[in-house]
Amino acid sequence: MKLIAKGLGVSKGIIKGKVKIISDTDTSFDEGNILVTHITDPTMVPMMNKAAGIICNIGGMTSHPSIVSRELGIPCIVSAKSIELKKPATEILKNNQEIEIDGETGEIYLMCE
Amino acid sequence: MAKQEKSILCVNKMSWVSEFVSNALKSIGLMDIGSLQPYSWLEFEPLFAKQYVEKLEELMQKAEKQHISFKELAPLWPTTSGLRCQLFFLFTILKAARIGKERRMKICNSFFAMLQERAVDDVHGKVSNLTRTKKEVKLLVERIKPQKGTAEIAKIFGKISNIAYNLIAGLYLDIYLDYAMENEGPYDVSEIYGKGHTLVIKKYLGLQSAVWPEVKVPFNNLVIYCVYQDVKFSCDMASCHSIYEGNVIENLVAFALEVDGKIVMNKSEIENVVSLLEPICVEQWTYLKSLSLNEQKKRGLLIKLYGMRRLFKKGGMDWHPTKEMLHAVEKPLKESYFWNVPKEKKEAFWEKIYNPKIDFYPAS
(Lines give C-alpha, C1' and ligand atoms only; values in the text may rest on other atoms or scores of the structure.)
Protein backbone atom coordinates (compact mmCIF):
# COMPACT_ATOMS: atom_id res chain seq x y z
CA MET A 1 0.00 0.00 0.00
CA LYS A 2 1.22 3.46 -0.82
CA LEU A 3 -0.03 6.67 0.77
CA ILE A 4 -0.97 8.81 -2.22
CA ALA A 5 -3.32 11.46 -0.88
CA LYS A 6 -4.54 13.04 2.31
CA GLY A 7 -7.42 15.21 3.36
CA LEU A 8 -9.65 15.95 6.29
CA GLY A 9 -11.21 12.81 7.76
CA VAL A 10 -14.82 13.72 8.57
CA SER A 11 -16.51 10.34 9.02
CA LYS A 12 -14.67 7.48 10.68
CA GLY A 13 -14.07 4.03 9.23
CA ILE A 14 -11.51 2.19 7.12
CA ILE A 15 -12.67 0.72 3.83
CA LYS A 16 -11.22 -0.75 0.63
CA GLY A 17 -12.91 -0.32 -2.71
CA LYS A 18 -12.68 0.67 -6.35
CA VAL A 19 -12.50 4.33 -7.33
CA LYS A 20 -15.42 5.77 -9.25
CA ILE A 21 -14.97 9.37 -10.34
CA ILE A 22 -18.31 11.05 -10.91
CA SER A 23 -18.75 13.14 -14.00
CA ASP A 24 -21.75 14.63 -15.79
CA THR A 25 -21.48 12.13 -18.62
CA ASP A 26 -20.93 8.92 -16.66
CA THR A 27 -23.35 8.22 -13.82
CA SER A 28 -22.89 4.44 -13.60
CA PHE A 29 -22.01 3.30 -10.10
CA ASP A 30 -21.58 -0.14 -8.53
CA GLU A 31 -22.45 -1.00 -4.93
CA GLY A 32 -19.27 -0.74 -2.83
CA ASN A 33 -17.43 1.71 -5.10
CA ILE A 34 -15.68 4.68 -3.52
CA LEU A 35 -17.31 7.86 -4.82
CA VAL A 36 -14.76 10.50 -5.83
CA THR A 37 -15.93 13.96 -6.88
CA HIS A 38 -15.18 17.67 -6.57
CA ILE A 39 -18.11 18.09 -4.17
CA THR A 40 -21.30 16.05 -3.85
CA ASP A 41 -24.69 17.40 -4.85
CA PRO A 42 -28.22 15.98 -4.62
CA THR A 43 -28.02 14.38 -8.07
CA MET A 44 -25.46 11.97 -6.60
CA VAL A 45 -27.78 10.70 -3.87
CA PRO A 46 -28.45 7.29 -5.52
CA MET A 47 -24.67 6.79 -5.86
CA MET A 48 -23.97 7.97 -2.33
CA ASN A 49 -26.50 5.41 -1.08
CA LYS A 50 -24.47 2.64 -2.79
CA ALA A 51 -21.01 3.98 -1.91
CA ALA A 52 -18.61 2.33 0.53
CA GLY A 53 -16.89 5.68 1.06
CA ILE A 54 -16.72 9.24 -0.26
CA ILE A 55 -13.76 11.43 -1.26
CA CYS A 56 -14.15 15.11 -2.25
CA ASN A 57 -11.70 17.74 -3.48
CA ILE A 58 -13.15 20.42 -1.23
CA GLY A 59 -15.26 20.67 1.93
CA GLY A 60 -15.10 20.79 5.70
CA MET A 61 -16.57 19.11 8.75
CA THR A 62 -20.06 20.50 8.07
CA SER A 63 -20.16 20.19 4.28
CA HIS A 64 -22.87 18.09 2.60
CA PRO A 65 -20.75 14.96 2.01
CA SER A 66 -19.48 15.08 5.60
CA ILE A 67 -22.95 15.27 7.11
CA VAL A 68 -24.53 12.56 5.00
CA SER A 69 -21.62 10.13 5.25
CA ARG A 70 -21.88 10.30 9.04
CA GLU A 71 -25.59 9.47 8.74
CA LEU A 72 -24.80 6.65 6.31
CA GLY A 73 -22.05 5.37 8.60
CA ILE A 74 -19.45 5.31 5.82
CA PRO A 75 -15.94 6.84 5.81
CA CYS A 76 -15.52 10.22 4.15
CA ILE A 77 -12.52 12.41 3.35
CA VAL A 78 -12.90 16.00 2.15
CA SER A 79 -10.34 18.51 0.87
CA ALA A 80 -8.33 15.53 -0.39
CA LYS A 81 -5.06 16.31 -2.19
CA SER A 82 -2.08 14.31 -3.41
CA ILE A 83 0.81 14.01 -1.00
CA GLU A 84 3.51 15.34 -3.30
CA LEU A 85 2.01 17.88 -5.68
CA LYS A 86 -1.13 18.74 -3.71
CA LYS A 87 -3.32 18.03 -6.70
CA PRO A 88 -7.04 17.47 -6.03
CA ALA A 89 -8.25 13.88 -5.58
CA THR A 90 -10.18 13.82 -8.86
CA GLU A 91 -6.96 14.58 -10.75
CA ILE A 92 -4.77 11.90 -9.20
CA LEU A 93 -7.19 9.00 -8.72
CA LYS A 94 -8.33 6.90 -11.66
CA ASN A 95 -11.48 4.84 -12.20
CA ASN A 96 -11.23 1.22 -10.98
CA GLN A 97 -8.08 1.79 -8.92
CA GLU A 98 -8.19 -0.22 -5.69
CA ILE A 99 -7.72 2.09 -2.75
CA GLU A 100 -8.08 2.07 1.02
CA ILE A 101 -9.38 5.11 2.83
CA ASP A 102 -9.25 6.02 6.50
CA GLY A 103 -12.08 8.39 7.42
CA GLU A 104 -10.43 9.34 10.69
CA THR A 105 -6.89 10.20 9.59
CA GLY A 106 -7.94 11.35 6.12
CA GLU A 107 -5.37 9.06 4.47
CA ILE A 108 -5.87 7.50 1.04
CA TYR A 109 -3.73 4.48 0.11
CA LEU A 110 -3.25 2.95 -3.30
CA MET A 111 -3.35 -0.85 -3.14
CA CYS A 112 -0.56 -2.72 -5.02
CA GLU A 113 -1.15 -2.50 -8.78
CA MET B 1 -48.20 42.89 26.62
CA ALA B 2 -46.83 42.81 30.15
CA LYS B 3 -45.47 39.34 29.46
CA GLN B 4 -43.79 40.51 26.26
CA GLU B 5 -42.10 43.47 27.93
CA LYS B 6 -40.91 41.23 30.70
CA SER B 7 -39.32 38.90 28.16
CA ILE B 8 -37.42 41.71 26.45
CA LEU B 9 -36.24 43.05 29.79
CA CYS B 10 -35.08 39.58 30.75
CA VAL B 11 -33.16 39.21 27.54
CA ASN B 12 -31.43 42.59 27.89
CA LYS B 13 -30.30 41.77 31.38
CA MET B 14 -28.77 38.55 30.17
CA SER B 15 -26.69 40.36 27.52
CA TRP B 16 -26.90 37.33 25.33
CA VAL B 17 -25.44 38.96 22.21
CA SER B 18 -21.72 38.39 22.76
CA GLU B 19 -22.23 34.74 23.62
CA PHE B 20 -24.53 34.15 20.65
CA VAL B 21 -22.20 35.92 18.21
CA SER B 22 -19.17 34.07 19.53
CA ASN B 23 -20.93 30.71 19.14
CA ALA B 24 -22.29 31.64 15.72
CA LEU B 25 -18.78 32.48 14.55
CA LYS B 26 -17.59 29.02 15.59
CA SER B 27 -20.61 27.30 14.05
CA ILE B 28 -21.34 28.92 10.72
CA GLY B 29 -20.07 32.47 10.85
CA LEU B 30 -16.66 31.70 9.38
CA MET B 31 -17.59 28.81 7.12
CA ASP B 32 -16.66 28.76 3.46
CA ILE B 33 -19.85 30.18 1.96
CA GLY B 34 -18.57 29.78 -1.59
CA SER B 35 -20.00 26.27 -1.84
CA LEU B 36 -23.54 27.25 -0.79
CA GLN B 37 -26.08 26.65 -3.55
CA PRO B 38 -27.48 28.46 -5.42
CA TYR B 39 -26.17 31.49 -3.46
CA SER B 40 -25.11 32.47 0.04
CA TRP B 41 -27.18 34.52 2.47
CA LEU B 42 -24.58 37.31 2.34
CA GLU B 43 -25.05 37.75 -1.38
CA PHE B 44 -28.81 37.36 -1.31
CA GLU B 45 -30.44 38.76 1.82
CA PRO B 46 -29.12 42.35 1.60
CA LEU B 47 -31.18 42.70 -1.60
CA PHE B 48 -34.45 42.77 0.33
CA ALA B 49 -33.15 43.74 3.78
CA LYS B 50 -35.02 47.03 4.06
CA GLN B 51 -38.39 45.59 3.07
CA TYR B 52 -37.90 42.49 5.24
CA VAL B 53 -37.12 44.60 8.31
CA GLU B 54 -40.24 46.69 7.66
CA LYS B 55 -42.33 43.52 7.47
CA LEU B 56 -40.81 42.20 10.70
CA GLU B 57 -41.45 45.47 12.49
CA GLU B 58 -45.04 45.48 11.30
CA LEU B 59 -45.43 41.96 12.66
CA MET B 60 -43.95 42.99 16.00
CA GLN B 61 -46.25 46.00 16.25
CA LYS B 62 -49.31 43.91 15.43
CA ALA B 63 -48.26 41.26 17.94
CA GLU B 64 -47.83 43.92 20.62
CA LYS B 65 -51.24 45.47 19.86
CA GLN B 66 -52.90 42.07 20.10
CA HIS B 67 -50.99 41.17 23.28
CA ILE B 68 -49.47 38.11 21.63
CA SER B 69 -46.61 36.86 23.77
CA PHE B 70 -43.30 35.36 22.65
CA LYS B 71 -44.46 32.14 24.27
CA GLU B 72 -47.34 32.04 21.78
CA LEU B 73 -45.18 33.01 18.82
CA ALA B 74 -42.23 30.70 19.50
CA PRO B 75 -43.99 27.40 18.59
CA LEU B 76 -45.01 28.88 15.24
CA TRP B 77 -41.48 28.56 13.91
CA PRO B 78 -41.14 25.26 12.03
CA THR B 79 -38.00 24.27 13.97
CA THR B 80 -35.91 25.59 16.85
CA SER B 81 -32.78 25.30 14.79
CA GLY B 82 -34.43 27.28 12.00
CA LEU B 83 -35.27 30.08 14.43
CA ARG B 84 -31.68 30.05 15.72
CA CYS B 85 -30.30 30.36 12.18
CA GLN B 86 -32.77 33.11 11.29
CA LEU B 87 -31.59 35.05 14.32
CA PHE B 88 -28.05 34.68 13.01
CA PHE B 89 -29.10 35.87 9.54
CA LEU B 90 -30.76 38.88 11.19
CA PHE B 91 -27.35 40.18 12.21
CA THR B 92 -26.31 40.93 8.65
CA ILE B 93 -29.76 41.70 7.26
CA LEU B 94 -30.30 44.41 9.91
CA LYS B 95 -26.93 45.96 9.14
CA ALA B 96 -27.66 45.83 5.41
CA ALA B 97 -30.99 47.59 6.04
CA ARG B 98 -28.98 50.45 7.56
CA ILE B 99 -31.18 50.88 10.61
CA GLY B 100 -30.03 52.13 13.99
CA LYS B 101 -28.82 50.08 16.92
CA GLU B 102 -32.02 50.50 18.94
CA ARG B 103 -34.19 49.08 16.16
CA ARG B 104 -31.68 46.29 15.51
CA MET B 105 -31.62 45.28 19.15
CA LYS B 106 -35.40 45.31 19.50
CA ILE B 107 -35.79 42.82 16.65
CA CYS B 108 -32.86 40.65 17.77
CA ASN B 109 -34.14 40.59 21.35
CA SER B 110 -37.54 39.43 20.11
CA PHE B 111 -36.02 36.56 18.18
CA PHE B 112 -33.85 35.55 21.12
CA ALA B 113 -36.85 35.69 23.47
CA MET B 114 -38.65 33.23 21.19
CA LEU B 115 -35.56 31.04 21.11
CA GLN B 116 -35.51 31.02 24.89
CA GLU B 117 -39.10 29.83 24.87
CA ARG B 118 -38.28 26.92 22.56
CA ALA B 119 -34.96 25.63 23.81
CA VAL B 120 -35.05 23.81 27.14
CA ASP B 121 -31.26 23.94 27.49
CA ASP B 122 -28.19 25.07 25.51
CA VAL B 123 -30.18 27.98 24.06
CA HIS B 124 -27.30 29.06 21.83
CA GLY B 125 -26.99 25.58 20.32
CA LYS B 126 -23.33 25.16 21.22
CA VAL B 127 -23.27 21.36 21.25
CA SER B 128 -26.89 20.20 21.16
CA ASN B 129 -30.44 21.05 20.18
CA LEU B 130 -32.73 20.36 23.12
CA THR B 131 -36.38 21.28 22.88
CA ARG B 132 -38.05 18.67 25.13
CA THR B 133 -38.02 18.21 28.85
CA LYS B 134 -37.18 14.86 30.42
CA LYS B 135 -40.87 14.26 31.08
CA GLU B 136 -41.79 15.07 27.47
CA VAL B 137 -39.12 12.67 26.22
CA LYS B 138 -40.52 9.91 28.44
CA LEU B 139 -44.05 10.53 27.13
CA LEU B 140 -42.73 10.57 23.57
CA VAL B 141 -41.02 7.19 23.98
CA GLU B 142 -44.25 5.79 25.44
CA ARG B 143 -46.17 7.06 22.42
CA ILE B 144 -43.87 5.94 19.63
CA LYS B 145 -42.94 2.60 21.25
CA PRO B 146 -39.54 2.12 19.55
CA GLN B 147 -38.74 -1.37 18.29
CA LYS B 148 -35.46 -3.25 18.45
CA GLY B 149 -32.91 -1.73 16.10
CA THR B 150 -30.65 -3.63 13.72
CA ALA B 151 -27.71 -2.69 11.50
CA GLU B 152 -29.94 -3.34 8.50
CA ILE B 153 -32.54 -0.80 9.66
CA ALA B 154 -29.79 1.68 10.59
CA LYS B 155 -28.43 1.47 7.03
CA ILE B 156 -31.89 2.16 5.56
CA PHE B 157 -32.28 5.13 7.90
CA GLY B 158 -28.89 6.38 6.69
CA LYS B 159 -30.25 6.30 3.15
CA ILE B 160 -33.47 8.08 4.15
CA SER B 161 -31.46 10.78 5.95
CA ASN B 162 -29.26 11.24 2.90
CA ILE B 163 -32.26 11.51 0.57
CA ALA B 164 -34.33 13.77 2.83
CA TYR B 165 -31.40 16.08 3.55
CA ASN B 166 -30.69 16.49 -0.15
CA LEU B 167 -34.37 16.85 -1.05
CA ILE B 168 -34.62 19.65 1.51
CA ALA B 169 -31.52 21.29 0.01
CA GLY B 170 -33.51 21.40 -3.26
CA LEU B 171 -36.71 22.64 -1.63
CA TYR B 172 -35.28 25.10 0.91
CA LEU B 173 -31.85 25.85 -0.63
CA ASP B 174 -28.68 25.44 1.40
CA ILE B 175 -29.31 28.62 3.33
CA TYR B 176 -32.82 27.91 4.63
CA LEU B 177 -32.37 24.18 5.13
CA ASP B 178 -32.88 24.49 8.89
CA TYR B 179 -36.50 25.49 8.39
CA ALA B 180 -37.19 21.92 7.31
CA MET B 181 -34.45 19.76 8.72
CA GLU B 182 -33.72 19.49 12.39
CA ASN B 183 -31.77 17.09 14.55
CA GLU B 184 -32.90 17.07 18.15
CA GLY B 185 -30.90 15.76 21.03
CA PRO B 186 -29.05 14.12 22.52
CA TYR B 187 -31.70 13.13 25.05
CA ASP B 188 -30.54 10.90 27.86
CA VAL B 189 -32.85 7.86 27.94
CA SER B 190 -30.76 5.78 30.36
CA GLU B 191 -33.71 5.57 32.76
CA ILE B 192 -35.66 3.72 30.09
CA TYR B 193 -32.97 1.76 28.21
CA GLY B 194 -30.06 1.60 30.66
CA LYS B 195 -26.78 3.43 31.05
CA GLY B 196 -25.21 5.00 27.95
CA HIS B 197 -28.40 5.24 25.88
CA THR B 198 -29.37 8.42 24.07
CA LEU B 199 -32.25 9.39 21.82
CA VAL B 200 -31.59 11.42 18.69
CA ILE B 201 -34.56 12.69 16.66
CA LYS B 202 -34.02 13.44 12.97
CA LYS B 203 -36.83 15.55 11.54
CA TYR B 204 -37.50 16.28 7.87
CA LEU B 205 -40.51 18.59 7.76
CA GLY B 206 -42.54 20.53 5.24
CA LEU B 207 -41.58 18.45 2.21
CA GLN B 208 -44.85 19.45 0.54
CA SER B 209 -44.00 23.13 0.35
CA ALA B 210 -46.33 25.80 -1.05
CA VAL B 211 -43.24 27.43 -2.58
CA TRP B 212 -43.06 24.47 -4.98
CA PRO B 213 -46.67 23.65 -5.92
CA GLU B 214 -45.41 21.92 -9.07
CA VAL B 215 -43.35 19.41 -7.06
CA LYS B 216 -45.25 16.38 -5.82
CA VAL B 217 -43.80 14.74 -2.69
CA PRO B 218 -45.77 11.80 -1.24
CA PHE B 219 -45.15 12.78 2.41
CA ASN B 220 -45.01 16.09 4.22
CA ASN B 221 -43.17 15.11 7.39
CA LEU B 222 -40.70 12.32 8.18
CA VAL B 223 -39.31 11.82 11.65
CA ILE B 224 -36.71 9.20 12.52
CA TYR B 225 -36.26 8.29 16.18
CA CYS B 226 -32.97 6.56 16.99
CA VAL B 227 -31.97 5.18 20.38
CA TYR B 228 -28.22 4.60 20.37
CA GLN B 229 -25.98 2.89 22.86
CA ASP B 230 -22.51 4.40 23.37
CA VAL B 231 -22.96 6.89 20.55
CA LYS B 232 -22.28 10.53 21.38
CA PHE B 233 -24.27 12.99 19.28
CA SER B 234 -23.46 16.67 19.02
CA CYS B 235 -24.26 19.54 16.67
CA ASP B 236 -23.79 23.27 16.46
CA MET B 237 -26.28 26.13 16.11
CA ALA B 238 -27.39 24.61 12.81
CA SER B 239 -28.58 21.25 14.08
CA CYS B 240 -28.18 19.63 10.65
CA HIS B 241 -24.42 19.83 11.36
CA SER B 242 -24.53 16.51 13.18
CA ILE B 243 -21.47 14.76 14.54
CA TYR B 244 -21.45 11.26 15.98
CA GLU B 245 -18.81 9.53 18.06
CA GLY B 246 -19.49 5.83 17.98
CA ASN B 247 -21.00 3.44 15.47
CA VAL B 248 -24.44 4.61 14.30
CA ILE B 249 -25.01 1.42 12.32
CA GLU B 250 -24.10 -1.28 14.87
CA ASN B 251 -25.25 0.65 17.93
CA LEU B 252 -28.83 1.47 16.94
CA VAL B 253 -30.68 -0.34 19.70
CA ALA B 254 -34.22 0.93 19.11
CA PHE B 255 -36.00 2.90 16.42
CA ALA B 256 -39.26 4.33 15.11
CA LEU B 257 -40.14 6.08 11.89
CA GLU B 258 -43.05 8.51 11.78
CA VAL B 259 -44.51 9.39 8.41
CA ASP B 260 -47.10 12.18 8.54
CA GLY B 261 -47.96 11.25 12.11
CA LYS B 262 -48.20 7.51 11.47
CA ILE B 263 -45.65 5.21 13.09
CA VAL B 264 -44.09 2.86 10.54
CA MET B 265 -42.09 -0.14 11.76
CA ASN B 266 -42.36 -2.56 8.87
CA LYS B 267 -39.05 -2.93 6.99
CA SER B 268 -40.60 -3.00 3.52
CA GLU B 269 -42.63 0.15 4.28
CA ILE B 270 -39.46 1.87 5.49
CA GLU B 271 -37.61 0.79 2.34
CA ASN B 272 -40.53 2.14 0.33
CA VAL B 273 -39.70 5.65 1.60
CA VAL B 274 -36.26 5.30 -0.02
CA SER B 275 -37.62 4.22 -3.39
CA LEU B 276 -40.34 6.89 -3.41
CA LEU B 277 -38.18 9.84 -2.40
CA GLU B 278 -34.86 9.12 -4.11
CA PRO B 279 -35.93 10.06 -7.67
CA ILE B 280 -37.82 13.16 -6.43
CA CYS B 281 -34.69 14.38 -4.66
CA VAL B 282 -32.65 14.17 -7.87
CA GLU B 283 -35.43 15.70 -9.98
CA GLN B 284 -35.95 18.63 -7.60
CA TRP B 285 -32.27 19.54 -7.58
CA THR B 286 -32.06 19.29 -11.37
CA TYR B 287 -35.19 21.44 -11.64
CA LEU B 288 -33.85 24.06 -9.20
CA LYS B 289 -30.59 24.32 -11.14
CA SER B 290 -32.49 24.68 -14.41
CA LEU B 291 -34.29 27.82 -13.20
CA SER B 292 -32.98 31.25 -14.06
CA LEU B 293 -31.08 33.09 -11.33
CA ASN B 294 -33.98 35.55 -11.05
CA GLU B 295 -36.43 32.70 -10.48
CA GLN B 296 -34.05 31.12 -7.94
CA LYS B 297 -33.93 34.43 -6.09
CA LYS B 298 -37.72 34.77 -6.17
CA ARG B 299 -38.10 31.25 -4.75
CA GLY B 300 -35.47 32.03 -2.13
CA LEU B 301 -37.47 35.03 -0.96
CA LEU B 302 -40.66 32.96 -0.87
CA ILE B 303 -38.87 30.27 1.20
CA LYS B 304 -37.52 32.85 3.65
CA LEU B 305 -41.03 34.17 4.34
CA TYR B 306 -42.81 30.80 4.04
CA GLY B 307 -40.79 29.58 7.02
CA MET B 308 -42.39 32.37 9.08
CA ARG B 309 -45.88 32.02 7.60
CA ARG B 310 -47.54 30.92 10.82
CA LEU B 311 -46.12 33.90 12.70
CA PHE B 312 -47.41 36.32 10.07
CA LYS B 313 -50.81 34.61 10.15
CA LYS B 314 -50.96 34.94 13.92
CA GLY B 315 -50.27 38.65 13.55
CA GLY B 316 -53.01 38.94 10.92
CA MET B 317 -50.59 39.46 8.03
CA ASP B 318 -50.08 37.85 4.64
CA TRP B 319 -46.77 35.96 4.60
CA HIS B 320 -46.21 36.47 0.88
CA PRO B 321 -43.59 38.98 -0.26
CA THR B 322 -44.74 42.46 -1.22
CA LYS B 323 -44.29 43.75 -4.78
CA GLU B 324 -41.38 45.85 -3.50
CA MET B 325 -39.64 42.78 -2.11
CA LEU B 326 -40.10 40.85 -5.36
CA HIS B 327 -38.74 43.82 -7.26
CA ALA B 328 -35.79 44.12 -4.88
CA VAL B 329 -34.59 40.54 -5.50
CA GLU B 330 -34.38 41.24 -9.22
CA LYS B 331 -31.21 43.23 -8.53
CA PRO B 332 -27.87 41.43 -8.98
CA LEU B 333 -26.55 39.43 -6.03
CA LYS B 334 -24.30 41.48 -3.77
CA GLU B 335 -20.57 41.39 -4.41
CA SER B 336 -18.59 39.42 -1.89
CA TYR B 337 -15.48 41.61 -1.81
CA PHE B 338 -16.08 42.86 1.70
CA TRP B 339 -15.78 39.49 3.38
CA ASN B 340 -12.48 38.56 1.77
CA VAL B 341 -10.33 39.79 4.63
CA PRO B 342 -6.91 38.42 5.69
CA LYS B 343 -7.17 35.18 7.65
CA GLU B 344 -5.64 36.59 10.82
CA LYS B 345 -8.14 39.46 10.89
CA LYS B 346 -11.15 37.41 9.89
CA GLU B 347 -12.64 36.59 13.29
CA ALA B 348 -12.44 40.14 14.68
CA PHE B 349 -13.78 41.55 11.40
CA TRP B 350 -16.77 39.26 11.34
CA GLU B 351 -17.49 39.67 15.01
CA LYS B 352 -17.93 43.40 14.36
CA ILE B 353 -20.20 42.76 11.39
CA TYR B 354 -22.41 40.27 13.20
CA ASN B 355 -22.69 42.03 16.54
CA PRO B 356 -25.92 44.10 16.36
CA LYS B 357 -24.64 46.37 19.11
CA ILE B 358 -21.78 47.59 16.92
CA ASP B 359 -22.36 50.01 14.02
CA PHE B 360 -20.11 48.31 11.51
CA TYR B 361 -21.05 47.06 8.06
CA PRO B 362 -18.62 47.82 5.25
CA ALA B 363 -20.68 46.73 2.25
CA SER B 364 -21.87 49.32 -0.20
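We name chains A, B, ... by the order of the sequence lines, and we start the count at 1 in each one.
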Engineer: Select one option (side chain, backbone, both, neither) describing which atoms of B/Lys289 are under 4.5 Å from chain A's heavy atoms.
Structural biologist: neither
Engineer: Would you give the length of the straight line joining atom CZ of A/Arg70 to atom OG of B/Ser242, rounded to the nearest 0.5 angstrom?
Structural biologist: 5.5 Å
Engineer: Restricting to non-hydrogen atoms, name the atom on B/Cys281 and the atom on A/Pro42 that form the minimum distance, rounded to 0.1 Å.
Structural biologist: SG-O, 3.9 Å
Engineer: May I ask you to name which of A/Ile58, A/Val45, A/Val68 has the most heavy-atom pairs under 4.5 Å with chain B?
Structural biologist: A/Val45
Engineer: Counting only heavy atoms not in B/Glu347, do more than 12 sit closer than 6.0 Å to its CD atom?
Structural biologist: no
Engineer: Count the heavy atoms belonging to other residues, nucleotides or ligands that lie under 6.0 Å from CD of B/Glu344, then report whether that count exceeds 12.
Structural biologist: yes
Engineer: Please classify the contact of A/Met61 with chain B as side chain, backbone, both or neither, using a heavy-atom distance under 4.5 Å.
Structural biologist: side chain
Engineer: What part of B/Ile249 lies closer than 4.5 angstrom to a heavy atom of chain A: side chain, backbone, both or neither?
Structural biologist: side chain
Engineer: So how far is it from A/Asp41 CG to B/Trp285 CH2, rounded to the nearest 0.5 Å?
Structural biologist: 6.5 Å
Engineer: Using a cut-off of under 4.5 Å on heavy-atom pairs, state which of B/Cys235, B/Ser27, B/Ser161 scores highest against chain A.
Structural biologist: B/Ser161
Engineer: Which value, rounded to the nearest 0.5 Å, describes the distance between B/Met181 atom CE and A/Ile67 atom CD1?
Structural biologist: 6.5 Å
Engineer: Can you find a heavy atom in the side chain of A/Glu71 that is under 4.5 Å from one in the side chain of B/Asn162?
Structural biologist: no
Engineer: Please give me the minimum heavy-atom distance between B/Val282 and A/Pro46, naming the atom from each residue.
Structural biologist: CG2-CD, 3.7 Å
Engineer: Which value, rounded to the nearest 0.5 Å, describes the distance between A/Thr40 atom OG1 and B/Asn166 atom CG?
Structural biologist: 7.0 Å
Engineer: Ignoring hydrogens and geometry beyond distance, is a side-chain donor-acceptor pair present between A/Asn49 and B/Glu278 at under 3.5 Å?
Structural biologist: yes
Engineer: Top residue by heavy-atom pair count (under 4.5 Å) with chain A, among B/Thr286, B/Ile243, B/Asn247?
Structural biologist: B/Ile243
Engineer: A side-chain contact here means heavy atoms from C-beta on lying under 4.5 Å apart; do A/His64 and B/Asp174 qualify?
Structural biologist: yes
Engineer: Sort B/Tyr244 into side chain, backbone, both or neither according to what part of it lies under 4.5 angstrom from a heavy atom of chain A.
Structural biologist: both
Engineer: Within a 6.0 Å radius of atom CD on B/Glu295, are there more than 12 heavy atoms belonging to other residues, nucleotides or ligands?
Structural biologist: yes
